[in-house]
Amino acid sequence: MSELNKNIAEYSLRIGDTSLILGQRLAEWCGHGPILEEDIALTNVSLDLIGQARAFLTYAGENEGLNRSEDDLAFLREAREYKNRLMAEQPNGDYAQTMIRQFFLSVYQYYFFTELMKSKDATLAALAEKSLKEVTYHVRHSSEWVIRFGDGTEESHVRTLEAIDTLWKYTGDLFETDQVDIDLVKAGIAVDMNVVRGNWDKKINEVFEKATLTVPEDSFMIGGSIKGLHSEHLGHLLSEMQVLPRSFPGVEW
């Protein structure tokens with residue numbers, strides 16, 4: 001395996017893992033949504049994300065050269081081997097927290113995939129283009145809820161502020177980079193995260209203004225996802241997600 005293939009595998013893994021873990025989190029709402037229409041909407045968003053994860057994990061497996069399938073990568077790795085952004089693994093909390101988490105990540109994915117469509121790697125560019133169509137809806141859906149909660153009742157406003165306070169410290173992790181990113185940006189394959197960060201900040205401020213919310217001034221951030229460092233929540237999530245394939249190896253529906 002060449003160094004380029006190794007880097008593309010790692011890069012694809014980070015993208016696929018973030019979609020996979022967020023999709024799994026949203027799936028926890030299935031049957032528990034506040035209203036039937038919203039229950040179905042979140043389930044559809046979850047399925048979109050799982051679909052994205054399948055595509056990017058398959059491409060990671062093809063490039064790493066270890067003969068691992070999308071299922072192997074999804075179900076047979078330990079927590080430290082996952083490279084999803086920390087925001088994706090945070091608990092659902094109440095509906096305001098779920099929507100703030102979704103809003104932060106959907107806006108991040110929107111601008112990330114917009115830039116990735118320009119990649120010289122034809123497969124990554126194509127996968128980004130397909131994903132962007134879905135994420136465009138995710139941004140609209142979560143933005144509407146953030147505005148509704150923030151500019152709603154006193155209770156919904158307070159709960160939204162609490163959700164922002166809980167999750168803001170993970171926003172810096174969304175844009176962390178390492179040598180893999182540096183090498184792939186030079187090759188015209190990866191995304192310049194400074195561009196993504198600039199667009200993300202602008203969109204967050206725009207929606208927050210409509211929602212009568214303010215961006216926290218606290219600059220304390222928790223990072224490390226691209227090094228395999230995670231919060232305590234990921235292990236619990238994986239134990240549920242992986243129990244069947246680990247208990248019955250090779251099982252098929």
Side-chain angles (χ1 to χ4, degrees), residues 1-24 48-89 105 108-135 172-200 223-230 234 238 241-242 245-246 249-250:
M1 179 174 57
S2 70
E3 189 66 20
L4 180 60
N5 287 121
K6 181 181 177 183
N7 285 342
I8 291 176
E10 174 68 16
Y11 197 67
S12 301
L13 203 62
R14 295 173 186 177
I15 303 170
D17 281 350
T18 297
S19 293
L20 176 68
I21 298 304
L22 181 59
Q24 177 70 15
D48 287 343
L49 292 165
I50 297 297
Q52 292 168 17
R54 292 187 61 191
F56 282 102
L57 292 183
T58 295
Y59 196 49
E62 291 172 0
N63 277 278
E64 71 172 5
L66 299 177
N67 198 33
R68 290 198 291 182
S69 68
E70 59 184 81
D71 286 334
D72 294 332
L73 290 169
F75 297 122
L76 301 179
R77 284 182 293 153
E78 302 298 330
R80 287 295 298 266
E81 297 175 89
Y82 278 77
K83 301 300 176 62
N84 60 278
R85 301 294 178 175
L86 295 175
M87 183 73 73
E89 68 199 44
L105 279 165
Y108 160 78
Q109 288 184 316
Y110 179 85
Y111 290 113
F112 181 86
F113 287 138
T114 298
E115 293 302 310
L116 191 60
M117 284 172 54
K118 306 169 188 172
S119 174
K120 290 183 178 178
D121 184 299
T123 299
L124 287 177
L127 294 179
E129 183 176 8
K130 181 179 184 300
S131 301
L132 186 63
K133 295 176 182 176
E134 299 164 342
V135 171
D173 178 70
L174 295 174
F175 309 100
E176 283 194 352
T177 59
D178 62 6
Q179 194 61 43
V180 171
D181 295 271
I182 294 171
D183 291 344
L184 288 180
V185 167
K186 287 180 181 176
I189 293 174
V191 167
D192 182 345
M193 295 305 286
N194 291 320
V195 174
V196 178
R197 180 62 194 255
N199 288 325
W200 186 88
S225 65
I226 58 176
K227 298 177 182 176
L229 303 177
H230 294 281
L234 182 63
L238 292 179
M241 192 180 83
Q242 296 182 337
R246 284 184 179 273

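In what follows, residues are counted from 1 in the order of the sequence shown.
Taking CD of Q242 as the start and CZ of F75 as the end, the distance is 7.5 Å to the nearest 0.5 Å. Between L238 atom CG and Q24 atom CD the span is 8.5 Å, to the nearest 0.5 Å. Here L73 contributes atom CG and R54 contributes atom CZ; the two are 13.0 Å apart, rounded to the nearest 0.5 Å. Note that the OH atom of Y111 and the CE atom of M193 stand 13.5 Å from one another [nearest 0.5 Å]. The line from OG1 of T114 to CD of Q109 is 11.0 Å long, rounded to the nearest 0.5 Å. Note that NZ of K118 is 15.0 Å distant from CG of L124, once rounded to the nearest 0.5 Å.
E89 and N84 share a donor-acceptor pair across their side chains, judged by distance under 3.5 Å alone. A side-chain N or O of Y59 and one of D121 form a donor-acceptor pair less than 3.5 Å apart.
The side-chain heavy atoms of L76 and R246, taken from C-beta on, include a pair separated by under 4.5 Å. Considering only heavy atoms from C-beta on, L49 stays 4.5 Å or farther from L20 through its side chain. Contact annotation: the side chain of L184 approaches that of I8 to within less than 4.5 Å [non-hydrogen atoms, C-beta and beyond]. Counting heavy atoms from C-beta outward, N63 and K6 have side chains that stay 4.5 Å or more apart. You'll find the side chain of L57 stays beyond 4.5 Å of the side chain of S12, heavy atoms only. For the pair I15/F113, a side-chain contact is recorded, criterion being any heavy-atom separation below 4.5 Å from C-beta on.
Summarising the geometry of A187 relative to K120, their closest heavy-atom pair is O-CD, 3.6 Å, with the distance given to 0.1 Å. Counting all heavy atoms, side chain and backbone alike, I189 lies closest to L4 at CD1-CD1, 3.7 Å. In terms of heavy atoms, L127 sits closest to F56 at CB-CZ, 3.5 Å. Minimum interatomic distance between A125 and S119 (heavy atoms only, all atoms of both residues): CB-O, 3.8 Å. Scanning both residues, R68 and D72, for their nearest heavy atoms gives CA-OD2, 3.5 Å. Between T18 and L105, the shortest heavy-atom distance links the atoms CG2-CD2, 4.3 Å.
Using a distance-only test at 3.5 Å, with no hydrogens or angles considered, a donor-acceptor pair links the side chain of D181 to the main chain of D178. With R80 contributing its side chain and G228 its backbone, the two residues share a donor-acceptor pair below 3.5 Å. Formation of a donor-acceptor pair under 3.5 Å by the R85 side chain with backbone atoms of D173 is found in this model. Of the possible donor and acceptor atoms, one in the side chain of D17 sits under 3.5 Å from a partner among the backbone N and O of K83. Remark: side-chain polar atoms of E176 are paired, donor with acceptor, to backbone N or O of G224 under 3.5 angstrom. No donor-acceptor distance shorter than 3.5 angstrom exists from the side chain of S19 to the backbone of A53, with no hydrogens or angles considered.
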Exercise. Could you please spell out the steps behind the side chain to side chain contact (heavy atoms under 4.5 Å, CB included) verdict for E64 and N5?
Key: CA-CA 6 Å; E64 71 172 5; N5 287 121; over 6 Å; no
Self-check item: Stepwise side chain to side chain donor-acceptor pair (under 3.5 Å) test for D48 and Q52
Solution: CA-CA 6 Å; D48 287 343; Q52 292 168 17; over 6 Å; no
Quiz item: Stepwise, does the side chain to side chain contact (heavy atoms under 4.5 Å, CB included) test hold for L86 with H230?
Solution: CA-CA 6 Å; L86 295 175; H230 294 281; 3.9 Å; yes
Quiz prompt | L116 vs Y11, side chain to side chain contact (heavy atoms under 4.5 Å, CB included): CA-CA, chis, key distance, verdict | solution = CA-CA 11 Å; L116 191 60; Y11 197 67; 4.0 Å; yes
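The side-chain tip of R77 points at the ring of Y82 from less than 6.0 angstrom away and within 45° of straight on.
A salt bridge does not link K227 to E10: none of the charged side-chain nitrogens sits closer than 4.0 Å to a carboxylate oxygen. Contact check on E134 versus K130 returns a salt bridge, with a Lys/Arg side-chain nitrogen under 4.0 Å from an Asp/Glu carboxylate oxygen.
Taking the six-membered ring where the residue is Trp, the centroids of W200 and F112 are separated by 6.0 Å or more.
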